[in-house]
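Pasting in a structure now, in structure tokens, and then I'll have a few things to ask.
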Amino acid sequence: MDTAGDGNSAYGHKAFKRSKSHFADRVTADARDGWPVEAGRYRLVVSRACPWASRAVISRRLLGLEDALSMGIADPIQDDRSWRFTLDPEGRDPVLGIRYLSEAYDKRESDYPGGVSVPALVDVPSGKLVTNDYQQLTLDLATEWTALHREGAPDLYPRALRDEIDTVMADVYEDVNNGVYRAGFAADQEEYEEACAGVFRRLDLLTPRLARQRYLVGDTITEADIRLFTTLVRFDAVYHGHFKCNRWKLTENEVLWAYVRDLYQTPGFGDTVDFDHIKRHYYQVHSGINPTGIVPLGPDLSGWLTPHHRAELGGRPFGDGTPPGPPPAAEQVPARGRP
């Protein structure tokens, strides 16, 4: 997710267009871009508020990369210099020693386009940003970092299903992941209505698919589920009201509500979600569409822990693998961010 500094007040007043990731280097097993997979070499900087960063947080948990890839969590509230580490002692990331993520960007390149975004993978020895390519990062964690995966890690991007996964993810990205932003940041009625209609059209198409099968592709959790989950888990909390995607609430769609609860209750998903960070970021940072900065009290979160009965559809969440263990103590979501 980009931060625009003074541009936060411009949301909703100019046409929205998501910028491409400017830094697209890859960390791979063969170090083709000069960045080898290496335990302890990199730090993943995220915001728990950001759906794009949350993909990487979930993937890292499911694959058991916590010891190999450390993680820094930015404050959900930004200032004009971008994502900041004010949650850490003395306002500095304890590994990188920086106050703002922009410092890692500046070490890599000056006058870069596209702003400062998370997730960001930073090279610890040099302090330089390696990549902010959120689309490729999680695919590489699943396929290039296999030597560092935990025993029993699931295959989140199985080779035999990649074409179908890619097709599903492309549709979900265009209409849902990015569609809610195009609706929320629309500058005129026509732009909003087109984007909002696209969101619900895609959700309506996904509903019968998920009524028949537990997961989006195949009978196990894949990258496609991670990408849909990070939007759905935020839907009623911020997209329904703040972004005006309000044809219906997720809780009113029996199939999708059960699907997202199933994932939320799966180790590696819900234990990464901080509803407090999510709500405060969207409602306090996007001053162009919520100038008062008031954060709503709702919605009621207790439903996230209710039975979903999705196991009746079959499926094996982790395939031949096993669920991840509990998150490290330092990475547990505070009580105020959980149901």
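Computation of the quantities below employed the complete heavy-atom set of this structure, encompassing side-chain atoms and omitting hydrogens, waters and symmetry-equivalent molecules. Residue numbers start at 1 and run along the sequence shown.
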Take the angle between the ring planes of Y282 and Y181 and call it parallel below 30°, perpendicular above 60°, tilted in between.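 Answer is tilted, since the angle falls between 30° and 60°.
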Please say whether more than 12 non-hydrogen atoms of neighbouring residues, nucleotides or ligands are located less than 6.0 Å from CD in Q332.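 Result for CD/Q332: enclosed.
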Would you compute the distance between atom CG of D225 and atom CG of L216 and round it to the nearest 0.5 angstrom?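 Atom-to-atom, D225:CG and L216:CG are 4.5 Å apart.
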So how far is it from T131 OG1 to D25 CG, rounded to the nearest 0.5 Å?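 Here the rounded value is 6.5 Å.
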Backbone N or O of K244 within a donor-acceptor pair of the Y192 side chain at under 3.5 Å?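 Yes, the answer is positive, given that a donor and an acceptor are paired below the 3.5 Å cut-off.
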What is the distance from atom CG of L256 to atom OG1 of T251, rounded to the nearest 0.5 Å?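 Here the interatomic distance stands at 11.0 Å.
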Check the side chains of T272 and R60 for a donor-acceptor pair under 3.5 angstrom, ignoring hydrogens and angles.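 Short answer, no.
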Are a donor atom and an acceptor atom from the side chains of S302 and D300 found within less than 3.5 Å of each other?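 S302 vs D300: donor-acceptor pair found between side chains.
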If you round to the nearest 0.5 Å, how far is CG of D171 from CG of L206?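 The CG atom of D171 is 8.5 Å from CG of L206, to the nearest 0.5 Å.
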Transitively linked via ILVMFWY side-chain contacts under 4.5 Å: V255 with L313?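 Cluster IDs for V255 and L313 differ.
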CA sep, side-chain torsions, deciding dist, call: Y100, Y105, ring-ring contact (aromatic ring centres under 6.0 Å, His included): CA-CA 9 Å; Y100 294 90; Y105 276 67; over 10 Å; no
Could you label the plane-to-plane angle of the H286 and H242 rings as parallel, tilted or perpendicular, counting under 30° as parallel and over 60° as perpendicular?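 If you compare the ring of H286 with that of H242, the planes turn out parallel.
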If hydrophobic clusters are built by linking Ile, Leu, Val, Met, Phe, Trp and Tyr wherever their side-chain heavy atoms come under 4.5 Å apart, do V273 and V333 end up in the same one?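 No, because V273 and V333 fall into different hydrophobic clusters, even though each may have its own neighbours under 4.5 Å.
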Check this for me, if you would: do E66 and R61 make a salt bridge, where the nitrogen-to-carboxylate-oxygen distance has to be below 4.0 angstrom?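 Counted as a salt bridge, because a side-chain N and a carboxylate O are separated by less than 4.0 Å.
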Are L69 and L121 packed together at the side-chain level, in the sense that at least one heavy-atom pair is separated by less than 4.5 angstrom?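 Result yes, sub-4.5 Å side-chain heavy-atom pair found.
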Mind checking whether P51 and N177 have side chains closer than 4.5 Å, heavy atoms only?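 P51 does not reach N177 side chain to side chain.
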Minimum side-chain heavy-atom gap I77-R84 below 4.5 Å: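 Yes - at least one pair of side-chain heavy atoms lies under 4.5 Å apart.
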Between R159 and D155, is there a salt bridge with N-O shorter than 4.0 Å?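 Looking at R159 together with D155, the answer is no, because their closest N to O distance does not fall below 4.0 Å.
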Step by step, would you call Y259 with F229 a ring-ring contact (aromatic ring centres under 6.0 Å, His included)? CA-CA 9 Å; Y259 165 77; F229 172 82; 8.3 Å; no
Check whether more than 12 heavy atoms from other residues, nucleotides or ligands sit under 6.0 Å from atom CG of D320, and answer yes or no.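 Atom CG in D320 is not crowded, with 12 or fewer foreign heavy atoms closer than 6.0 Å.
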Would you say D204 has more than 12 foreign heavy atoms packed within less than 6.0 Å of its CG?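 Counting neighbours around CG of D204, more than 12 heavy atoms of other residues, nucleotides or ligands fall under 6.0 Å, so yes.
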I need the single residue from R108, K128, R41 that forms a salt bridge (Lys or Arg N to Asp or Glu O under 4.0 Å) with D123. Which is it?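 For D123, the salt bridge (Lys or Arg N to Asp or Glu O under 4.0 Å) test succeeds with only one of R108, K128, R41, which is R41.
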For the side chain of D93 and the backbone of F85, is there at least one donor-acceptor N/O pair under 3.5 Å apart?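 No, the answer is negative, given that no donor and acceptor are paired below the 3.5 Å cut-off.
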Flag side-chain contact, heavy atom, 4.5 Å: R310 against Q265: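 Contact flag for R310/Q265 side chains = no.
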Quick one: sort the Y239 and F235 rings into parallel, tilted or perpendicular, breaks at 30° and 60°.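 It falls in the perpendicular class, over 60°.
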Assess, by modelled atom type and distance only, whether the side chains of D140 and Y157 contain a donor and an acceptor separated by less than 3.5 Å.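 Judged by distance alone, the side chains do not pair up.
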Whether the side chain of R99 engages the backbone of E90 through a donor-acceptor N/O pair (distance < 3.5 Å, no angle test) should be reported.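 Yes, the answer is positive, given that a donor and an acceptor are paired below the 3.5 Å cut-off.
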How many angstroms lie between atom CG of L210 and atom CD of E254, to the nearest 0.5 angstrom?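 Reported to 0.5 Å precision, the distance equals 13.0 Å.
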With rounding to the nearest 0.5 angstrom, report the OG1 to CZ distance, T143 to R162.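 It is 6.0 Å, given to the nearest 0.5 Å.
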